[in-house]
Amino acid sequence: MYRLLAERYPDAHCELDFTNPFELLVATVLSAQTTDVRVNLVTPELFRRYPDARALAGADRTDVETIIASTGFFRAKTESLLKLGVALMEQHDGEVPGRMVDLVKLPGVGRKTANVVLGNAFGVPGITVDTHFGRLARRFGWTAEEDPVKVEHAVGALIPRKDWTQLSHVLVFHGRRTCHAKKAACGACPIARLCPSYGVGETDPDKAAKLVRTAPPR
DNA sequence: ATCCCGAGGG
DNA sequence: CCCTCTGGAT
């Protein structure tokens, strides 16, 4: 299944173009519930003013809010970023840690954000159940929303470890271009013939989950 | 109207 | 499990 998806979206990649762990981490925190295009619009100014954890820890709240306003959730994100700067200084001497256990302890950083940083800044293969992944899982009758980590591991076992980071990008592209939240473009879907939801004619993942009872992947 | 590569809190 | 936080594109 992964091969079919990967062939369909050969240009899948991380659209947050940062190799610097600090910048990638901050940009990823900002990317929640927005498009990466919008994040890329505010990051130049943000990093000019706050190039590292130390600067971010001492940042002016209102300035940060103004800069990132267009990415949405700006108060919550600003709060996270200021705390993030402080936590990085206190816990890691201003450096971004390269391990999941450390990353998820940081304020505003969950498994999703941590995996983006691990995969694209540290070269550590990561696989995470994000909204696209969860949606895809529901279409197959899997229980992503009940136990995301279990599904994460189960699907991870199907994919060569070296491809995990790329897999997450492929899934995002698939979700954005084809497997939409409410009405999926099943006619253009490369894995439609494998999808139980397509079989029962349901393009809404939540309705599909009720109609479809498939064993989780192993 | 609906959605966006989410996280924290109740 | 639920809710909230937010703006912009389609």
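Below, each value reflects all heavy atoms present in this structure, side chains not excepted, and no hydrogens, waters or symmetry copies. By convention in this document, chain letters (A, B, ...) are assigned in the order of the sequence lines, proteins followed by strands, and residues within each chain are numbered from 1.
Atom CZ of Phe74(A) is separated from atom P of dT6(C) by 6 Å (rounded to the nearest Å). We find that CG of Leu171(A) is positioned 13 Å from P of dC5(B), with the value rounded to whole Å. Look at CG on Leu103(A): it is 17 Å from P on dG6(B), rounded to the nearest Å. Between the NZ atom of Lys77(A) and the P atom of dC5(C) there is a distance of 14 Å, rounded to whole Å. Atom CD of Glu79(A) is separated from atom P of dT6(C) by 10 Å (rounded to the nearest Å). Spacing between atom CG of Leu41(A) and atom C1' of dA9(C) amounts to 13 Å, rounded to whole angstrom units. The nearest whole Å value for the distance from the CG atom in Leu16(A) to the P atom in dG6(B) is 12 Å. The interatomic distance linking Leu30(A) (CG) with dC5(B) (C1') rounds to 13 Å, in whole Å.
Of the inter-residue distances, the one linking Leu88(A) atom CG with Leu56(A) atom CG reads 8.0 Å to the nearest 0.5 angstrom. Taking CZ of Phe74(A) as the reference point, atom CG of Leu30(A) lies at 13.0 Å (rounded to 0.5 Å). With values rounded to the nearest 0.5 angstrom, Lys105(A) atom NZ is found 8.0 Å from Gln91(A) atom CD.
As judged by a 4.0 angstrom heavy-atom cut-off over every strand, His13(A) is placed among the base-contacting residues. Within 4.0 Å of Thr131(A), counting heavy atoms only, lie sugar-phosphate atoms of the nucleic acid but no base atom. His169(A) comes within 4.0 angstrom of a base, heavy atoms only.
Distances from the side chain of His132(A) to the nucleotides dG7(C), dC5(B), dA9(C) place dC5(B) closest. Of the listed nucleotides (dG7(C), dC5(B), dG8(C)), dC5(B) has the atom at the smallest distance from the side chain of Thr35(A).
No more than 12 heavy-atom neighbours from other residues, nucleotides or ligands sit within 6.0 angstrom of CZ on Arg3(A). Atom CG of Asp60(A) is surrounded by more than 12 heavy atoms from other residues, nucleotides or ligands within 6.0 Å. Residue Phe173(A) qualifies as enclosed at atom CZ: its count of foreign heavy atoms under 6.0 Å is above 12.
The closest donor-acceptor contact from the side chain of Asn40(A) to the backbone of Glu15(A) lies under 3.5 Å.
With sequence neighbours excluded, the residues forming a side chain to side chain contact (heavy atoms under 4.5 Å, CB included) with Arg49(A) are Glu45(A), Asp63(A), Ile67(A), listed by chain and number.
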Write down the protein N/O and nucleotide N/O pairs, taken from nucleotides 7-9 of chain B, whose separation is under 3.5 Å; answer none if there are no such pairs.
| from | atom 1 | to | atom 2 | distance (Å) |
| --- | --- | --- | --- | --- |
| dA7(B) | OP1 | Gly110(A) | N | 3.0 |
| dA7(B) | OP1 | Thr113(A) | N | 2.8 |
| dA7(B) | OP1 | Thr113(A) | OG1 | 2.2 |
| dA7(B) | O5' | Gly110(A) | N | 3.4 |
| dG8(B) | OP1 | Gly108(A) | N | 2.6 |

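With both ends at atom P, the span from dG8(C) to dA7(B) equals 22 Å, rounded to whole Å. Comparing the same atom, C1', in dT6(C) and in dT2(B) gives a spacing of 15 Å after rounding to whole Å.
Using a 4.0 Å cut-off, no side-chain N or O of Gln33(A) falls inside it from OP1 or OP2 of dT6(C). The side chain of Arg75(A) places an N or O atom within less than 4.0 Å of a non-bridging phosphate oxygen (OP1 or OP2) of dT6(C).
Within residues 66-73 of chain A, the residues approached by DNA chain C to less than 4.0 Å at the level of any non-hydrogen atom are Ala69(A), Ser70(A), Gly72(A), Phe73(A), in residue-number order.
Aromatic rings of Tyr9(A) and His169(A) (six-membered ring for Trp) have centroids beyond the 6.0 Å cut-off, not under it.
When all heavy atoms of Leu171(A) and Phe133(A) are compared, the pair lying nearest together is CD1-CD1, 3.3 Å.
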